[in-house]
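Report on the structure given below.
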Amino acid sequence: MKPFKRLVLVALLATLFSCSPPDQSVLERFITIGTGSMTGIYYPTGAAICRIINKDYLKHGVRCSVESTGGSIYNANALSNGDLSMGIAQADVTYKAAHGQKPFSKPLTNLRALFALHPESVTLVAMQEAKIKQLNDLRGKRVNIGDPGSGNARTATELLAACGIPLSELALEGRMKAVEMPDALRDHKLDAYFYVVGHPTANIKDISTGTPINLVPLTDPCVDRLLAKNSFFVKTTIPGGMYEGINDSVDTYGVKASLITSAELSEESAYRVVKAVFDNLDGFKALHPAFQLLTAKNMREGLSLPFHPGALRYFREQGWI
Ligand code: GLU
């Protein structure tokens, strides 16, 4: 090769390498985040994370997309099988997944945490006419427990078992998807539904508009016992004024949502996603009212999975560990 041609080739290669994102070999080009129903908070949360990542597409070459799924249980299983790159899940579900407890038949040992998200409240939405004022009033009522892939189905089943209300004592044990619940209540096909969700959510805004509902407090002694046994559950309050006709705050308990992945995701990809969100925390928080109380500190707390090395790399870089 003539010296000039060689020079051009070297210059060309140098330009190519200086423009291409670093570590392309270990960086996934497409990230899919498994979320939940479109009317919940997981879906807009996944969309908010993707928006922050895609904003810098030209810098890193990673394209993020969001998928509506059944929820936490579906996401944990799909991540473990390699069908999703990231997902959102309740901390009680990820604990059960990691330990192979019901509904998981074996420990999903490859699940890893990226960061914690908003707190979710165990919310029991009831038709006012059904006169459900406390958990015990659910006997003989038509109640949606939840989609089998959802975290709320698991959490609600566990709550009813802990409070001595067998599912067989319900007039109907509903397995509807979250998106179907408001219409089913409005059409008198259900008396109540459980939803483990952040607030405010489009789902409850929808049903509360024009339909008289109440949110049932979950403060029974059996709830206290459940909390004493499970550190990922905490007492919480759904503030009044978020939904039509619900002016007073309602006491209940809740769990944190978290962004999770699998150990197979590259360190580089995990690092970039964590960095993108933490470096733009104010912008991220502005994307949904449920993120209002998030801080860089509480986004590293309340998780029940080991952190992914890519998340640890960012935390170390910040001097947080
Ligand atoms: N916590 C719910 C679940 O896993 C999903 C809530 C949401 O979509 O915001 O089933």
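If you read the sequence from its start, that first residue is 1, and numbering goes on from there.
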Problem set entry | H288 and F291 aromatic ring geometry - parallel, tilted or perpendicular at 30°/60° bounds | tilted
Problem set entry | Contacts of D191 that satisfy salt bridge (Lys or Arg N to Asp or Glu O under 4.0 Å) - sequence neighbours left out | R142
For this session: Compute both the distance and the angle, then confirm whether R63 meets the cation-pi test with Y57: under 6.0 Å from the six-membered ring centre, within 45 degrees of the axis.
Result: yes
For this session: Step by step, work out the side chain to side chain donor-acceptor pair (under 3.5 Å) result for T39 and S37.
Result: CA-CA 5 Å; T39 58; S37 132; 3.0 Å; yes
For this session: Can you see which heavy atom on S262 is nearest to which on H308, and at what distance?
Result: O-CD2, 3.5 Å
Problem set entry | Smallest separation among heavy atoms of S208 and I213, with atom names | CB-CD1, 3.8 Å
Problem set entry | Pairing residues for D248 by the salt bridge (Lys or Arg N to Asp or Glu O under 4.0 Å) criterion, not counting sequence neighbours | none
Problem set entry | Side-chain donor or acceptor of T201 paired with backbone N/O of G198 under 3.5 Å | no
Exercise. Within a strict 4.5 Å, meaning less than it, do heavy atoms of the P212 and M127 side chains meet?
Worked result: no
Exercise. So, for Y243 and H199, is the gap between ring centers shorter than 6.0 Å?
Worked result: yes
For this session: Sequence neighbours left out, what passes side-chain contact (heavy atoms from CB on, under 4.5 Å) with K131? Give chain and number order.
Result: none
Exercise. In the hydrophobic cluster built from side-chain contacts under 4.5 Å, what are the other members alongside L167?
Worked result: Y95, V122, L124, I132, L135, L138, V143, I145, L159, L160, I165, L170, F194, V196, V216, L218, V223, L226, L227, F232, F233, Y253, V255
Exercise. Does any N or O in the side chain of H60 come within less than 3.5 Å of the main-chain N or O of S269, such that one atom is a donor and the other an acceptor?
Worked result: no
For this session: Determine whether M181 and I207 make a side-chain contact, defined as any pair of heavy atoms from C-beta on separated by less than 4.5 Å.
Result: no
For this session: Could you grab the distance from atom CG of L111 to atom OG1 of T261, nearest 0.5 Å is fine?
Result: 9.0 Å
For this session: Identify, with sequence neighbours excluded, every residue that meets salt bridge (Lys or Arg N to Asp or Glu O under 4.0 Å) alongside R175.
Result: E173
Problem set entry | Plane angle bin for F278 and Y314 - parallel if under 30°, tilted between 30 and 60°, otherwise perpendicular | tilted
For this session: Tell me, please, which residues at least two apart from T35 pass side-chain contact (heavy atoms from CB on, under 4.5 Å).
Result: I33, Y42, Y43, V66, I88
